[in-house]
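Quick notes on the structure that follows.
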Amino acid sequence: MARILPLADAVAELIHDGDQVACEGFTHLIPFAAGHEIIRQQKKKLTLVRMTPDLIYDQMIGMGVADKLVFSWGGNPGVGSLHRLRDAIERQWPSSLMVEELSHAGIVQGYTAGAAGLPFGILRGFTGTDLPKVNARIKSITCPFTGESLAAIPAIRPDVAVVHAQKADRVGNVLVWGIIGVQKEAVLASKRAIVTVEEIVDRLDPPPNACVLPSWVVSAVCLAPGGAYPSYAQGYYDRDNRFYQLWDQISRSREEFLRWMKLNVLAESGRLNFMEKFSNIGRMA
Amino acid sequence: MARILPLADAVAELIHDGDQVACEGFTHLIPFAAGHEIIRQQKKKLTLVRMTPDLIYDQMIGMGVADKLVFSWGGNPGVGSLHRLRDAIERQWPSSLMVEELSHAGIVQGYTAGAAGLPFGILRGFTGTDLPKVNARIKSITCPFTGESLAAIPAIRPDVAVVHAQKADRVGNVLVWGIIGVQKEAVLASKRAIVTVEEIVDRLDPPPNACVLPSWVVSAVCLAPGGAYPSYAQGYYDRDNRFYQLWDQISRSREEFLRWMKLNVLAESGRLNFMEKFSNIGRMA
Amino acid sequence: MTMDYSADEIMTVSAARMLRNRTVCFVGIGLPSKAANLARLTHAPELVLIYESGPIGAKPFILPLSIGDGELCTTADTTVSTAEIFTFWLQGGKIDVGFLGAAQIDRFANINTTVIGDYDRPVVRLPGAGGAPEIAGSAGEVFIVLRQTLKTFVERLDFVTSVGHGEGGGYRRRNGLTGGGPAAVITDLGILRPDPSSKELTLTSIHPGVTIHEIRAVTGWLLRVSSNLEITPTPTSEELSVLRDLEQRTAAAHGVTSV
Amino acid sequence: MTMDYSADEIMTVSAARMLRNRTVCFVGIGLPSKAANLARLTHAPELVLIYESGPIGAKPFILPLSIGDGELCTTADTTVSTAEIFTFWLQGGKIDVGFLGAAQIDRFANINTTVIGDYDRPVVRLPGAGGAPEIAGSAGEVFIVLRQTLKTFVERLDFVTSVGHGEGGGYRRRNGLTGGGPAAVITDLGILRPDPSSKELTLTSIHPGVTIHEIRAVTGWLLRVSSNLEITPTPTSEELSVLRDLEQRTAAAHGVTSV
C-alpha cells in the first residue's frame with residue numbers, strides 16, 4: 001500500500017544514485033516538482049527514461065544528475081531544441097551523456113512488455129531506418145505463423161517511475177485523467193513508484209473505467225499542488241506556454257541556466273517563488 | 001462512418017454464411033438481440049469466436065448456425081453446463097462442431113494482435129498444459145534477448161464483430177462502460193462491426209478517457225433497447241440471473257429447447273414477448 | 001459458543017482463512033468467490049479482489065452469480081478491460097494469490113477443467129480453461145478449493161488444463177513458471193499442502209470428525225499424511241453467521257441458493 | 001477577389017487541400033497540425049484528427065503549441081493512452097493519412113529528424129524519431145510538409161529516421177511496410193509527388209511566381225519535373241482568412257506567433 005509522504009522524503013528514500021528513473025508525462029502532468037526535488041538532492045548517475053524528455057529533463061541533465069538517457073523525442077514542444085540536452089550530447093557539458101534512442105512506438109512496447117511481465121515486445125517498426133544501427137537493443141523476430149519479420153524491443157523495467165496525477169484518496173489510490181500518456185504502463189513496469197498529486201481527497205469517485213492506480217502499486221503519494229507546473233494538470237491549471245518559450249532563452253547559455261536553477265530550484269522556496277509568479281498556480285500553491 | 005440501420009438489415013447485409021463472427025461481451029452487454037437475429041436469418045457455417053460462449057452461443061449452436069467454435073470458457077456462469085454446446089460436441093447434434101480452444105489470456109492475445117495489426121501475440125502461458133496438444137495454433141517463440149520460451153498465438157481477425165453498448169450518438173460514435181471485456185479489441189480486430197445500443201442520443205458526453213468506439217470503426221449502429229437481455233446493460237437493467245438458471249432446464253432436452261426457440265426467437269415478436277415478461281425491460285422496449 | 005456447521009461450511013471457512021489481509025487475490029467464480037468474500041467480511045477487510053472480467057478492488061455485498069455481475073463493477077476501485085486484467089495485472093506479476101476451483105485434481109495439484117474422457121470424444125465436456133492456466137502460472141501462490149471425491153481427486157487427469165507442480169519438485173522453476181504454484185488445497189474433508197521438496201500433496205489438516213481412512217477412501221492415489229497432522233479449527237460463530245448472512249442475501253437477490 | 005499571401009501561407013493551404021473530408025489523419029505538431037486544422041475549418045469539416053498524445057477526433061479552436069495541449073483532449077471524441085494510439089490505431093491500420101514535417105528529406109522522401117552530422121558527434125542534435133517512423137510505416141498514405149532549402153532537400157540524409165520509399169520503386173512492398181508511404185511533399189515553392197514506378201520525387205505543381213530554376217537551386221539533387229507540371233491554385237480569400245484567424249487566435253492564446 002502507498003504511503004503518504006512529503007516529496008523530499010519519498011525522493012530521498014526511493015530514488016538511489018545509479019537508478020533507472022522514468023519521469024513520465026506526455027506534455028500533460030509532467031512531474032516538475034519531483035524532478036526539481038531530484039535536482040535539489042543532487043542524485044547522481046541516473047539513467048533517465050522517457051518518451052518525450054522536455055524541460056524538466058533538460059534541467060536535470062544540465063544539473064548533472066544523469067549519465068544516460070533512454071528516449072524517443074527530445075525537444076521543447078512547439079518551440080525548438082532542448083539546449084542543455086544538446087550541450088550534453090554535442091559538447092559533453094556538464095558531462096557526457098549516453099543515449100539510447102527508440103521511436104515512440106518502441107518505448108511504448110518496452111514499457112508495455114515491462115508492465116506485462118514479458119521480456120520483450122514486438123512491433124512493426126524500424127524497417128529501413130538507421131535506428132537499429134545505433135541501438136543494438138532493437139532486434140528482429142520472425143512470426144512463427146506467417147514468417148514475417150517484426151521488430152523486438154526488450155522490456156523497460158525502471159527502478160522508479162515518477163508521475164504526477166490530479167488526485168489521490170487517503171489510502172493512496174490515484175486518479176489520472178485527460179491526456180494520460182504512458183504513465184500507467186510506466187508505473188506498472190517499475191519496481192517502485194512515486195506519484196505527486198494536486199490534492200488528496202476523502203473519496204476519489206472516479207468515472208467508470210477511469211485510469212486509476214490502486215494504492216498497492218504505488219510506493220509513495222506526495223501532495224504537490226502545482227506539481228506539474230509549467231506543464232499542466234487538466235481541471236486545475238493550464239500549460240504555461242509562455243514559460244516554455246522563455247526557457248528557450250534561459251537555457252541557451254550555461255551561465256544563465258545555472259543562475260536560473262539556483263534562483264528557482266536550488267534556493268529555499270525557489271520553486272514556490274517560481275510558481276507564485278503565475279497567478280493561476282499561485283492561487284493553489 | 002457507421003450507418004444507423006435496423007438490426008435485421010445490418011445482419012442481412014454484414015454477416016454472410018461461412019463468416020467468422022465474434023459476438024463479444026463478458027457477462028455484461030451480451031448481444032442477445034443480434035444473436036437472435038442471426039438465428040432468425042438462419043445464417044449457416046459460421047465460425048463463432050468468443051472468450052465466454054454462454055446462453056446466446058448455446059442457442060446459436062443448438063439452432064445450427066455454426067460449424068466451428070473458437071473459445072476459452074463455455075458454460076452457464078454460476079449455473080453449470082451449456083447443454084446445447086455439450087450436445088453438439090458430445091453427440092454431434094444438430095451437427096458436428098469443430099472446436100478450437102484457448103485460455104482467456106490466449107484469446108486476449110489473439111484479439112489484441114488482430115487489433116494491433118500484428119500477425120501474432122505473445123504470452124506466458126500453456127507451459128505444461130495439454131492445450132497445445134489439441135490446438136496446433138498454440139506455438140512457442142524464443143525471446144531474442146533472454147532466450148526464454150514464450151507462447152505465441154496467431155492474430156484473431158473476425159469478419160464481423162457484434163457487440164452491444166449503452167448508447168450511440170446520431171453519427172454513430174458509441175459509448176461503452178462498466179465491465180467492458182474485450183469488446184473494443186474485438187471490434188478493432190474485425191473487418192466489420194455491428195453495434196446494438198440501448199439508445200441513440202444527441203450527444204454522448206463521455207467521461208474523460210471513456211471507452212468510445214468512433215463511428216468510423218463501426219459499420220452499423222442498430223437501436224435495440226433491451227438488446228443485452230437476459231444479460232444486462234449497466235445503468236439500464238440488471239442481469240436476469242433467474243433466467244440463466246431457468247435456461248439450465250429449458251436447454252436440457254432438444255425438444256424443450258426447440259419449442260422455446262420457436263416461441264421466443266423464431267416467432268414474430270418472439271423476442272419482444274420474451275422481454276416483456278420481465279418488467280425491468282418491458283418499460284424500455 | 002460453537003455452532004453446528006456443514007462440511008461445505010468448514011471448507012469455505014478454511015479456505016477464507018488462507019487469505020491474509022492486504023493481499024491481492026484473483027478470484028474464480030463459485031466456491032473461490034464465496035471464500036474470498038467471506039475473508040473480506042471477516043479477518044481481511046482490506047483484501048483486494050480482482051475478477052477476470054475487469055473489476056479491481058471489488059467489494060460485493062451479495063455474491064455474484066457470474067464472473068461479471070454489475071455488483072462487481074459498481075463496488076470496485078476501477079474496472080479495466082479483460083485484456084488489461086490478463087496482461088498487466090496477472091501476467092505482470094501484481095497478483096499475490098490466485099483462487100481456483102477444479103473438476104479434477106492430481107497429486108501434484110495439476111487441474112482439469114476441460115473434459116472427462118477422451119478430448120475428441122468426451123464423456124463430459126466441461127467449460128474449459130477460462131483464466132485458470134495463467135492464474136495457476138503467474139499468481140504468487142495458488143489456493144484450490146473443491147469437494148473431495150473419487151471423481152475429483154484422481155490418479156491421472158483426463159486433461160491437464162492448468163499446471164500446479166507438474167511432475168513434482170523443481171518442475172515450475174525448470175519450466176520458467178513465474179508464480180509459486182499451489183500452496184494449499186482446501187476440501188470439505190481437510191487441507192492438503194504440497195510437500196516442500198517433492199511437491200506431492202500431503203494431508204496437513206483434517207476437519208473435526210473426519211478420519212484419515214475416510215479421506216483416503218475418496219482420494220484416487222495413496223494420500224500421504226503429514227507427521228504433524230493438525231485438526232482444522234472449527235468455524236467460529238462469527239464466521240458462520242457472516243457466511244450464512246452472505247448466502248441468504250445472495251439467495252434473496254438471485255432467487256436461488258448460491259453455488 | 002484575390003488576396004496577397006506569403007510563401008508559407010500557400011504551403012499551408014496547399015497541404016490542407018490534400019486532406020479529403022471524412023478521412024482519419026494522424027497529425028504531427030507544427031506545420032502539419034496547422035494545415036490539418038485549416039482543412040478541418042474549411043473543406044473537410046469531418047476530418048478526424050488523431051494526435052499521438054492520445055486525443056482521437058480532436059477539434060481544437062486554437063492551434064496546440066505542444067502535441068498534448070489540454071485543448072486537444074477537451075475537444076476530442078475520446079482520449080486514449082499513448083500506448084493504445086500507437087498499437088491499436090496506428091499500427092492497427094486505422095489511419096488514412098499521416099502528416100509529417102522533417103529536418104531533411106531525400107529524393108525518395110526518406111526523412112531525417114535525428115542528427116545533422118555524425119550520430120556519435122553530431123553538429124546538431126535534433127529531437128529524434130518521436131512517432132514519425134511508424135507513422136511513415138503504417139499510415140495509409142503520408143504527406144510531408146516542410147520549407148524547401150539546400151539544408152532540407154539533400155542528396156544524402158545524415159540519418160534515416162523514417163522511411164519514405166526507401167531505395168525506390170517496390171521497396172516498401174519488398175520490406176513488408178504496410179502503409180502506402182509518402183504521396184506528396186508540400187513546400188513553400190511547390191508540390192512534389194513520387195513517380196508512380198521509380199518513386200523518385202517529381203515536381204508536379206509549382207506555386208505561382210516561382211520558377212523551376214529557383215526550385216532546383218534549393219534542391220540537393222537534380223530535381224525531376226513532371227511533363228504535366230501544374231501551377232498551384234492560389235489560396236482563396238476564405239482559406240487565407242480562416243488561416244489568419246486561426247493564427248491570430250493562437251498567437252493571442254500562446255503569446256506568440258505560431259510556428
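Heavy atoms closer than 4.5 Å to chain B are found in both the backbone and the side chain of A152(A). When heavy atoms are compared at a cutoff of 4.5 Å, L175(A) does not approach chain B at all. If you measure heavy-atom distances from I141(A) to chain B, the contacts under 4.5 Å come from the side chain alone. Using a 4.5 Å cut-off between heavy atoms, L150(B) touches chain A through its side chain atoms alone. In this structure, chain B has no heavy atom under 4.5 Å from any part of C211(A).
Q20(A) places a side-chain heavy atom less than 4.5 Å from the side chain of I156(A).
Between F32(B) and Y244(B), the angle of the ring planes goes over 60°, which puts this pair in the perpendicular group of the 30/60° scheme. Ring geometry for H104(B) against F26(B) counts as perpendicular: the plane angle is over 60°, on a 0 to 90° scale with 30° as the lower cut.
Annotation: maximal heavy-atom pairing with chain A below 4.5 Å, among P208(B), S140(B), P154(B), occurs at P154(B). Put simply, of G117(B), A210(B), G121(B), the one with the most heavy-atom pairs under 4.5 Å next to chain A is G117(B). Heavy-atom pairs under 4.5 Å with chain A were tallied for P144(B), P207(B), A116(B), A155(B); the largest tally goes to P144(B).
Checking each of V187(B), I180(B), L188(B) against K184(B) for a side-chain contact (heavy atoms from CB on, under 4.5 Å) leaves exactly one that passes, namely L188(B). If you run side-chain contact (heavy atoms from CB on, under 4.5 Å) between P132(B) and each of T129(B), D130(B), V134(B), only T129(B) comes through.
Taking 4.0 Å as the cut-off between side-chain N and carboxylate O, D169(A) and R203(A) do not count as a salt-bridged pair.
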